[in-house]
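Quick caveat: nothing in here was measured; it's all calculated off a predicted structure. Chain naming here is simple, since letters A, B, ... match the order of the sequence lines and numbering starts at 1 in each.
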Amino acid sequence: MSPEEQLEALTLGTAKILSREELLKKLRSGRPLRAKLGVDPTAPDIHLGHTVVLEKLRQFQVMGHQAVLIIGDFTATVGDPSGRSSTRPPLTREEVLGNAETYTDQAFKILDREQTEVVYNGDWFRGMNYEEVLKLNARVTMQQMLQREDFRNRIEGNKEVRLHEMQYPVMQGWDSVEVRADVELGGTDQLFNILVGRDMQKSQEMEPQVAMCLPILEGTDGARKMSKSYGNYIGVDESPAEMFGKAMSISDELMDRWYTLLLGGGRDLELHPMEAKKQLAAQLVARYHDAAAAVAARADFEAKFAKGDSEVQWPEVQLDDERRLITAVAIAYREGHGTERSNSEIRRLIQQGGVQLDGEKLNDPAADLPAAVTDKVLRLDKKRSVRLL
RNA sequence: GGGUAGGUACCGAAGCGGUCAAACGGGGCAGACUGUAAAUCUGCUGGCUAUGCCUUCAGAGGUUCGAAUCCUCUCCUGCCCA
């Protein structure tokens, strides 16, 4: 592939590149470029939002460039303030290391493990003394920091901004120096941090890295960015059924966005929106599991929601001699779906008609189960049911 | 360090001695309608052995028949000044 062709392919789907000219120049040098991606293991799971950027990094790999994955074991304990409206809760070192492990495992569903250089930024930060820290800090101005939107918003909203949060861009910038990055990938919310990396490199008389920003993927709620803390994510490690189901619950508008960002192309407008969504869901399952799983997930989904079809494999639950409805539902949630519900919650569900036995609403929380329930499907809520034994 | 305003449920925000498990909005959940979409309408949104009881209004004490509301101390945050 010629440098020009590479440039074309690499810039596809990106939101911002600083700058194309620099990238082309680097590509023309003919040497493998070092493409950096920093991830903070603040949560144990990689979700679809992360994959946008990981897939881009994978693309660099395929072209023969060197992917450098920085595990921010040190920076995670500080917490990236990017896009945050409040200070991140601190994580312990144990949590971070635990997360890092599942994180890399999941990242290698996308990246080629053999061809990825994995480094921990604690390796260089932990040994730094205060003098060195001060030197790094001298390279960034207060004004630059204060211009950042997330800090400005917090300041204007009279919310606290703690000093250590300002260290984050400095550290991320220094990472670029340590790994001699040619290109740094990140979401558009990372632009500032990536630019600090350029400054840091210039100050070390290195050729500055190219900033490559990818669009931020909205989560299943269609409003906020996909994030574990908003609970609007689909993890790459989730079961085919979960993945398929979650994907099906997104709005049509969001579906277009996901088609573009995750599958790299628009959807077929000839198709009924629901069919298009099923195909999207199936492709995602196929990507992170396999084709067979995608077919199965689709079939299972269709069986579950086709009216009158009770051929679905719901978890089976043994009630023993339990007759009281509330307790039965609690057991069904616990044994069948691994979730705990308080009695009050269950009472509400029952009163509001969420709980149904073979399609019949059971509205009275004080009632007992009907006499014969064996082999009947007890519906708990919109998404969960259980087969009684 | 000085002054000042505050800390209320998942979030924002009322309440400022009893009628407060605490208005209102957002979010979330459930029902109707649907395509597990959107929009819309309705209801719910601390817990329990449940017409009552228990735990919550930063924390610890106190006043009172009675406190989220008053007093004392402590912790935390914003703003202004240094």
Novice: Quick one: on RNA chain B, does A:S342 or A:G245 contact a more 5' nucleotide (nearest heavy atom)?
Specialist: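 The residue mapped nearer the 5' terminus is A:G245.
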
Novice: Rounded to the nearest angstrom, tell me the gap between atom CD in A:E275 and atom P in B:A37.
Specialist: 16 Å

Novice: Can you hop from A:L388 to A:I346 via hydrophobic side chains spaced under 4.5 Å?
Specialist: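 A:L388 and A:I346: one cluster.
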
Novice: Looking at A:K382, I'd like to know whether one of its side-chain N or O atoms comes within less than 4.0 Å of OP1 or OP2 on B:C29.
Specialist: no

Novice: Show the numbers, then the answer: is there a salt bridge (charged side-chain N to carboxylate O under 4.0 Å, His left out) between A:K36 and A:D182?
Specialist: CA-CA 8 Å; A:K36 167 199 174 192; A:D182 287 301; over 6 Å; no

Novice: Say we look at B:G43 and B:C54: how far apart would their P atoms be, to the nearest angstrom?
Specialist: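 It works out to 31 Å between them.
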
Novice: Give A:R224 one of three labels, base, sugar-phosphate or nothing, depending on what nucleic acid heavy atoms sit under 4.0 Å from its own.
Specialist: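 A:R224: no heavy atom of the nucleic acid under 4.0 Å.
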
Novice: If you measure from the P atom in B:U19 to the same atom in B:G12, how many Å do you get, rounded?
Specialist: 26 Å

Novice: Between A:R162 and B:U77, does any side-chain N or O lie under 4.0 Å from OP1 or OP2?
Specialist: yes

Novice: With a 4.5 Å heavy-atom cut-off, do A:K56 and A:L54 have their side chains touching?
Specialist: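 No, every pair of side-chain atoms sits at 4.5 Å or beyond.
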
Novice: With the threshold set at under 4.0 Å for non-hydrogen atoms, list the residues of residues 344-367 of chain A touching RNA chain B in residue-number order.
Specialist: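 When residues 344-367 of chain A is checked for heavy atoms under 4.0 Å from RNA chain B, the hits, listed by number, are A:S344, A:R347, A:R348, A:L349, A:Q352, A:G353, A:G354, A:K361.
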
Novice: Find the distance A:D221:CG to B:A38:C1' and express it as a whole number of Å.
Specialist: 14 Å

Novice: Provide, to the nearest angstrom, the distance between the CG atom belonging to A:N158 and the C1' atom belonging to B:G78.
Specialist: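 One finds 5 Å between C1' of B:G78 and CG of A:N158, rounded.
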
Novice: Rounded to the Å, how far apart are A:E302 CD and B:G35 P?
Specialist: 14 Å

Novice: Name the pairing partner of B:G43, where a pair is Watson-Crick or G-U wobble with both distances under 3.5 Å, or state none.
Specialist: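 Partner of B:G43: B:C29.
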
Novice: From C-beta outward on A:N343, which listed nucleotide comes closest to its side chain: B:U77, B:U36, B:A50?
Specialist: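 The closest nucleotide is B:A50.
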
Novice: Using the C1' atom as the reference point in each nucleotide, state the distance between B:G62 and B:G17 in Å, no decimals.
Specialist: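 Those two atoms are separated by 15 Å.
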
Novice: To the nearest angstrom, how far is A:M255 atom CE from B:U36 atom P?
Specialist: 13 Å

Novice: Taking all non-hydrogen atoms of both residues into account, name the closest pair between A:K26 and A:P208 and its distance.
Specialist: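 Looking at all heavy atoms of both residues, the closest pair is NZ-O, 3.2 Å.
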
Novice: Evaluate the side-chain proximity of A:L57 to A:L111: yes if any heavy-atom separation is below 4.5 Å, no if none is.
Specialist: yes

Novice: I need a per-nucleotide contact map over nucleotides 1-15 of chain B, read 5' to 3'. Cutoff is protein heavy atoms under 4.0 Å; write B for the base, S for backbone only, - otherwise.
Specialist: ---------------

Novice: Under a 3.5 Å limit for both distances, which nucleotide forms a Watson-Crick or G-U wobble pair with B:C73, could you say?
Specialist: B:G59

Novice: Indicate yes or no: does A:E302 engage A:K278 in a salt bridge with an N to O separation below 4.0 Å.
Specialist: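 Yes, charged N to carboxylate O under 4.0 Å.
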
Novice: Is the charged tip of A:K277 near the ring of A:W258: under 6.0 Å from the six-membered ring centre and within 45° of its axis?
Specialist: no

Novice: What's the gap between B:A67 and B:C20 when it is taken at their C1' atoms, as a whole Å value?
Specialist: 11 Å

Novice: Classify the nucleic acid contact of A:L254 as base, sugar-phosphate or nothing, counting any heavy atom under 4.0 Å across all strands shown.
Specialist: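 Nothing, no heavy atom under 4.0 Å.
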
Novice: Can you measure A:I326 atom CD1 to B:G47 atom P for me and round it to whole angstrom units?
Specialist: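 After rounding, the gap between these two atoms is 12 Å.
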
Novice: Let's see if you can work this out: which of B:G35, B:U77, B:U49 has an atom nearest to the side-chain heavy atoms of A:E160?
Specialist: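 Nearest to the side chain of A:E160 among the choices is B:U77.
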
Novice: Partner of B:G35 by Watson-Crick or G-U wobble geometry, both contacts under 3.5 Å, or none?
Specialist: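 B:G35 is paired with nothing.
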
Novice: Do you know the tightest heavy-atom contact between A:P41 and A:G72?
Specialist: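 Shortest heavy-atom contact: CD-O, 3.5 Å.
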
Novice: Determine the Euclidean distance between corresponding P atoms of B:U63 and B:U69; express it in Å to zero decimal places.
Specialist: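 The same atom, P, in both gives a distance of 15 Å.
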
Novice: Can you check the distance between B:A21 and B:U45, where both ends of the measurement are the C1' atom (answer in whole Å)?
Specialist: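 These two C1' atoms come out 12 Å apart once rounded.
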
Novice: When the distance from CG of A:D381 to P of B:U45 is rounded to whole Å, what number comes out?
Specialist: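 About 18 Å, once rounded to whole Å.
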
Novice: Ring of A:Y233, cation from A:K246 - is the NZ or CZ under 6.0 Å from the centre and inside 45° of the axis?
Specialist: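 Positive - A:K246 is close enough to the ring of A:Y233 and near enough to its axis.
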
Novice: If we only count heavy atoms from C-beta on, is the A:R139 to A:Q204 side-chain gap below 4.5 Å?
Specialist: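 Answer yes - side chains close enough.
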
Novice: Using the P atom as the point on both nucleotides, what is the distance between B:C10 and B:U56, in whole Å?
Specialist: 14 Å

Novice: Can you tell me the pairing partner of B:G1 across any strand shown, Watson-Crick or G-U wobble, with both distances under 3.5 angstrom?
Specialist: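 B:G1 is paired, partner B:C81.
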
Novice: Whole angstrom is fine here: how far is it from CG in A:D300 over to P in B:U36?
Specialist: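 Taking CG of A:D300 and P of B:U36, I get 14 Å after rounding.
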
Novice: Using atom types as modelled, flag every donor-acceptor pair under 3.5 Å from a side chain in residues 284-293 of chain A to any protein atom, sequence neighbours excluded.
Specialist:
unit_1	atom_1	unit_2	atom_2	d
A:R287	NH1	A:L262	O	2.9
A:R287	NH2	A:L262	O	3.0
A:Y288	OH	A:E55	OE2	3.4
A:H289	NE2	A:E238	O	2.6
A:D290	OD1	A:A292	N	3.1
A:D290	OD1	A:A293	N	2.8

Novice: Can a donor-acceptor pair under 3.5 Å be found between the side-chain atoms of A:D252 and the base atoms of B:G35?
Specialist: yes

Novice: Indicate, with a heavy-atom threshold strictly under 4.0 Å, whether A:K383 touches base, sugar-phosphate, or nothing.
Specialist: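 Counting heavy atoms under 4.0 Å across all strands, the contact made by A:K383 includes a base.
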
Novice: Against the six-membered ring of A:F151, is A:R148 placed for a cation-pi contact (under 6.0 Å from the centre, within 45° of the normal)?
Specialist: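 That pair qualifies as a cation-pi contact.
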
Novice: Considering only the P atoms, how many Å lie between B:C53 and B:G1, rounded to the nearest integer?
Specialist: 48 Å

